[in-house]
Amino acid sequence: MSKPVTESIQLQDNQFLHPWEDIKKVGQNKRTVIANADGVYIEDSDGNKLLDGPAGMWCVNIGHRRQEMADAIADQIMQLTYVSPWSLTNTPAVKLADKLAQLSPGDLNHVFYTTGGSTAVDSALRFVMFRNNVLEQPQKKHIISRTNAYHGSTYLSASASGKSKDKNYLDFMDDTFHHIADPNLMDKPVAMSEQEYCRLRVGDLENKILEIGPDKVAAFIAEPILASGGVIMAPQGYHAGCLQVCRTYDVVYISDEVVTAFGRLGHFFASQAVFDIVPDIITCAKGITSGYVPLGAFLVSDRLLQSIDAKDSSIVFSNGFTYSGHPVACTAALKNIEIMERENIMQHVRKVAPYFQAQLATLNDLPVVTDVRGIGLMACVQCDINKDGDNTPAMDYAMDYAIGDRIDRHCQQLGLLVRPIINMCVMSPPLIINEAQIDELVEKLKKGIALAVIDAESDGL
Ligand SMILES: Cc1ncc(COP(=O)(O)O)c(C=O)c1O
């Protein structure tokens, strides 16, 4: 039973239009109110403790409620709250740019600050288009992305996103954005080797560039792992193959590391360390401040920056934000990185990740679980019920939602926050999680899924 104070907040919450709000449900929503958090746990307003399975939204990497973070943020506010980034600068933003250049691969040595992941992607895409205009190639504007990609919620970043269910009722730039198949290994024909499948999917990129015309294709954008698409992992060599194709046709490679940077895969940046590529641009956000305050950025290579030249005496990139390089956000990022380095969080992730993946893989024993996949501290447990050849796609979809909803409800009662993406339980806990807490997560998820199945059966699903 919820306390009256919870009920009153839940009622008032209907004035807050949330991301992905179902407008028909405004007025009837009863969302869980999260009141406190500490380490890998959050607590609702009725005092129920939950293990934070998604680390907020893949962002609370160093865990909740760090005094040091609060002190650094408060001290910065008292020293310098804000300064315009147009004609002035500030020390935290400068120091953070230098730190990011050191941590990032290759010659990605310049940083453009934004307010989050969507604006990082949006600004990176605008930068690529700007470059081609300066280079007198105004026709080179087409962007290639993948199905099931998620790159954000601005007009450009949403146009780059490729989840069909998010395309209802909204407008997108359809004429210059293209989506090739994502490299989901679950879609690999049984008779095909992983290598052949890799060649097929890399070939999709080359074919698409040739179809549009290499002189018209500006950039390819890809998450190293398609995160909110359901932790879709490409076959070995896919990213390197795509980079090679991009180089052949002078197409900029944008690696969207909004989720994978800052430790999720055990490295500050995953592009080179895990996937062996040095892209032209990396976008990041979320874990850069561990979600304590909003910040995003794109890092650009010297090669790309230096290639921008024109006869004009100035070439202004007229793009930016009031909060670009916000001193408080940059201070939070610097402190966050300092904590990650001091506590060896990257090494910790690399050490516990195999245990995390192995324990989650035991869920394959449940008949409803059709796939467990993951890398580092990100994983997806996919559940499918009653899918047979006679179902329409709409029926399958309804089943997916039905099982996901039940898993969510049961896990929450057991003390684990899941919030599945439809029928996919994406687990990406704070990076400080230890083995005992991994056991707790897996045990609760297993129980929650089993109870959801019983529930679904008794409802005749
Ligand atoms: C890969 C990726 N890119 C971009 C974004 C957008 O970031 P934000 O929500 O901070 O705007 C997200 C958000 O989940 C993401 O997963």
Side-chain angles (χ1 to χ4, degrees), residues 17-21 52-61 112-128 143-163 165-166 170 172 177 179 182-184 219-234 239 253-265 269-271 274-275 279 281-299 321 323-324 326 329 332-333 336 374-380 419-422 424 426-428:
L17 296 177
H18 291 251
W20 270 244
E21 185 73 68
D52 187 2
M57 197 65 203
W58 337 74
C59 56
V60 190
N61 289 6
F112 188 92
Y113 291 116
T114 71
T115 53
S118 304
T119 47
V121 169
D122 195 284
S123 288
L125 292 171
R126 294 199 80 197
F127 181 80
V128 170
I143 309 295
I144 302 177
S145 177
R146 284 100 47 88
T147 50
N148 286 316
Y150 182 69
H151 296 294
S153 269
T154 65
Y155 194 47
L156 284 184
S157 60
S159 298
S161 298
K163 291 173 161 193
K165 78 172 178 64
D166 294 341
L170 280 163
F172 302 91
F177 280 75
H179 297 88
D182 66 61
N184 192 342
F220 171 60
I221 180 163
E223 298 159 79
I225 307 279
L226 289 106
S228 53
V231 189
I232 295 172
M233 301 201 297
H239 297 289
Y253 191 119
I254 304 173
S255 183
D256 183 354
E257 289 224 40
V258 165
V259 168
T260 53
F262 301 100
R264 185 69 35 214
L265 305 190
F269 291 96
S271 291
V274 182
F275 301 100
I281 291 177
I282 292 180
T283 50
C284 57
K286 295 187 189 271
I288 192 171
T289 58
S290 280
Y292 278 69
V293 287
L295 180 66
F298 78 77
L299 282 74
F321 307 94
Y323 300 131
S324 294
H326 195 295
N336 176 52
I375 178 172
L377 281 181
M378 65 193 292
C380 176
R419 292 293 181 268
I421 303 171
I422 315 177
M424 296 180 288
V426 170
M427 294 282 104
S428 61

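Counting starts at 1 for both ligands and their atoms, in listed order.
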*What are the two closest heavy atoms between S118 and S153, and how far apart are they?*
OG-N, 3.0 Å

*Which is closest to atom 9 (O) of ligand 1 in terms of heavy atoms, S118, P19, G116?*
S118

*Exercise: do D256 and T283 side chains pair donor with acceptor under 3.5 Å*: yes

*Verify whether one side chain among S271 and S255 offers a donor that lies under 3.5 Å from an acceptor in the other.*
yes

*Counting heavy atoms only, which part of E223 comes closer than 4.0 Å to ligand 1: side chain, backbone, both or neither?*
side chain

*Minimum heavy-atom distance I143-I221, with the two atoms named*: CG2-CG2, 4.1 Å

*asked:* So for M57, does at least one of its heavy atoms come nearer than 4.0 angstrom to any atom of ligand 1?
replied: no

*List the closest protein heavy-atom neighbour of atom 10 (O) of ligand 1: residue, atom name, distance to the nearest 0.1 Å.*
G117 N, 2.9 Å

*Provide the closest heavy-atom pair for H239 versus A234 in the form atom of the first, atom of the second, distance.*
NE2-CB, 4.1 Å

*Purely on distance, is any nitrogen or oxygen of K286 under 3.5 Å from one on ligand 1?*
yes

*Give the residue, atom name and distance (to 0.1 Å) of the protein heavy atom nearest atom 2 (C) of ligand 1.*
Y150 O, 3.3 Å

*Among all protein heavy atoms, pick out the one at the shortest distance from atom 16 (O) of ligand 1; state its residue, atom name and that distance to 0.1 Å.*
V259 CG2, 3.3 Å

_I want to know whether Y113 and F298 have ring centres closer than 6.0 Å._
no

*Nearest-contact summary for atom 3 (N) of ligand 1 - protein heavy atom, Å*: D256 OD2, 2.7 Å

